[in-house]
Amino acid sequence: MGNFLVWVIWIVAALACVSTGVAVISFTNPFYSALALIGNLASLAVLFLLASAEFVAAAQILVYAGAVMVMFLFVIAYLGGRADAPWAGGPRWLQLGAFAVGAALLIEVIVALVTKANGGLSNAADISRSFGSPAEIGKLFLADHLLAFEITSIVLLVAAVGGVVLGMKAAAEDEVEA
Amino acid sequence: MLGPDVTWYLAISAVLFAIGATGVVLRRSPLIVLLSLEIMLNASNLAFVGFSRHFGTVDGQIFALCVMAVAAAEVCVGLGMIVAFSRRRMALDVDTLTELHG
């Protein structure tokens with residue numbers, strides 16, 4: 001019974017994931033696209049939870065659906081939600097090429113999956129109850145993956161400085177024009 | 001393991017990645033291109049988490065968290081550039097944004 005319930009929730013979340021993903025790239029208004037991406041991230045968090053990745057699911061909601069998407073919505077509001085960029089634009093063959101790229105990637109991955117993973121990926125490892133808990137993630141971050149942790153913090157610092165510099169240059173430009 | 005095994009996670013991940021790639025090539029607005037990039041990064045995160053559960057090691061989840069941090073950094077710089085474009089009255093269209101010197 002528990003297994004059946006997990007399957008039902010998983011399939012609902014997966015369908016929500018794919019449909020909101022299609023919605024993101026097909027809405028004309030960027031505001032609606034951003035809202036659809038929030039739905040996409042939330043349903044991905046459900047999938048993460050079902051794979052016993054509690055901390056990653058919480059971080060997904062807090063960092064992505066919270067902080068990053070609020071930043072996106074602020075910028076879209078700042079730009080006035082202008083939907084002047086055409087839905088697809090460019091010549092017709094470019095649109096066909098875009099769909100061809102997507103389909104080629106999908107077929108490639110599916111073929112690799114079927115030939116490589118055929119039956120070889122059916123038995124998942126047994127895990128303890130603390131798998132994916134914040135305590136275990138924290139221990140791994142500060143012991144085995146300390147270098148990655150520190151590099152990530154430097155990347156974030158550089159990005160923050162870069163954002164400030166980009167904003168400052170644009171402000172100076174405005175003053176020159178005015 | 002309750003529920004679907006890692007193959008199903010990989011299938012959804014592949015579909016999401018293809019959707020994101022289509023969006024990056026198809027759409028002309030840099031905002032939507034950034035949103036599609038987020039979908040692609042999240043597809044890779046899903047594969048990481050699925051494999052992490054399959055092999056019973058948490059390292060995949062660590063990598064997923066690092067990808068999340070890099071995505072936040074990328075959005076920070078990307079949105080800064082978009083705001084700078086709009087302040088200089090440049091058209092927000094990736095076809096016309098062909099040079100980046102002032």
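Residue numbering restarts at 1 for every chain, and letters A, B, ... go by the order of the sequence lines. Since we're looking at a predicted model, the values are computed, not measured.
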For chain B, which candidate among [options] shows the most heavy-atom pairs at distances under 4.5 Å?
options: A/Val155, A/Leu140, A/Leu105; value: A/Leu140
options: A/Val158, A/Leu44, A/Ile9, A/Ile110; value: A/Leu44
options: A/Asp144, A/Leu156, A/Val8; value: A/Leu156
options: A/Val22, A/Val109, A/Leu106, A/Val63; value: A/Leu106
options: A/Ala159, A/Ala59, A/Gly162, A/Ala103; value: A/Ala159

Measure the spacing between [atom1] of [X] and [atom2] of [Y] and express it to the nearest 0.5 Å.
X: A/Phe99; Y: B/Thr22; atom1: CZ; atom2: OG1; answer: 7.0 Å
X: B/Glu74; Y: B/Leu41; atom1: CD; atom2: CG; answer: 6.0 Å
X: B/Leu16; Y: B/Glu38; atom1: CG; atom2: CD; answer: 13.0 Å
X: A/Thr20; Y: A/Leu41; atom1: OG1; atom2: CG; answer: 8.5 Å
X: B/Ser44; Y: B/Phe17; atom1: OG; atom2: CZ; answer: 7.5 Å
X: A/Ile137; Y: A/Phe131; atom1: CD1; atom2: CZ; answer: 8.0 Å

Honestly curious: do [X] and [Y] fall in one hydrophobic cluster under the side-chain, below-4.5 Å linking rule?
X: A/Phe74; Y: B/Leu35; result: no
X: B/Phe85; Y: B/Val24; result: yes
X: A/Ile11; Y: B/Ile19; result: yes

Contact class of B/Ile32 relative to chain A, heavy atoms under 4.5 angstrom
side chain
Let me know if B/Leu31 has heavy atoms under 4.5 Å from chain A in its side chain, its backbone, both or neither.
both
Specify whether B/His54 and B/Phe51 have parallel, tilted or perpendicular ring planes, treating 30° as the upper limit for parallel and 60° as the lower limit for perpendicular.
perpendicular
Measure [X] against the heavy atoms of chain B and call it side chain, backbone, both or neither at under 4.5 Å.
X: A/Phe141; answer: both
X: A/Phe149; answer: neither
X: A/Gln60; answer: both
X: A/Ala160; answer: backbone

Cluster partners of A/Ile107, using ILVMFWY side-chain heavy atoms under 4.5 angstrom, listed by chain and number?
A/Val111
Only pairs of heavy atoms separated by less than 4.5 Å count here; which of [options] has the most with chain A?
options: B/Leu34, B/Val49, B/Asn45; answer: B/Val49
options: B/Val25, B/Val33, B/Asn42; answer: B/Asn42
options: B/Leu79, B/Val70, B/Val15, B/Asp59; answer: B/Leu79
options: B/Gly20, B/Gly56, B/Ala64, B/Ser36; answer: B/Gly56
options: B/Gly78, B/Ala43, B/Ser52; answer: B/Ser52
options: B/Val77, B/Ile12, B/Ile62; answer: B/Ile62

Distance-only, no hydrogens or angles: does the B/Arg27 side chain make a donor-acceptor pair with backbone N or O of A/Ile25 under 3.5 Å?
yes
Applying a criterion of heavy atom separation less than 4.5 Å, what residues of residues 33-40 of chain A form contacts with chain B?
A/Ser33, A/Ala34, A/Leu37, A/Asn40
Looking only at heavy atoms, the pair that brings A/Cys17 and A/Leu47 closest together is SG-CD1, 4.5 Å
If you take all heavy atoms of A/Ala13 and A/Ser43, which pair is closest and at what distance?
O-CB, 3.6 Å
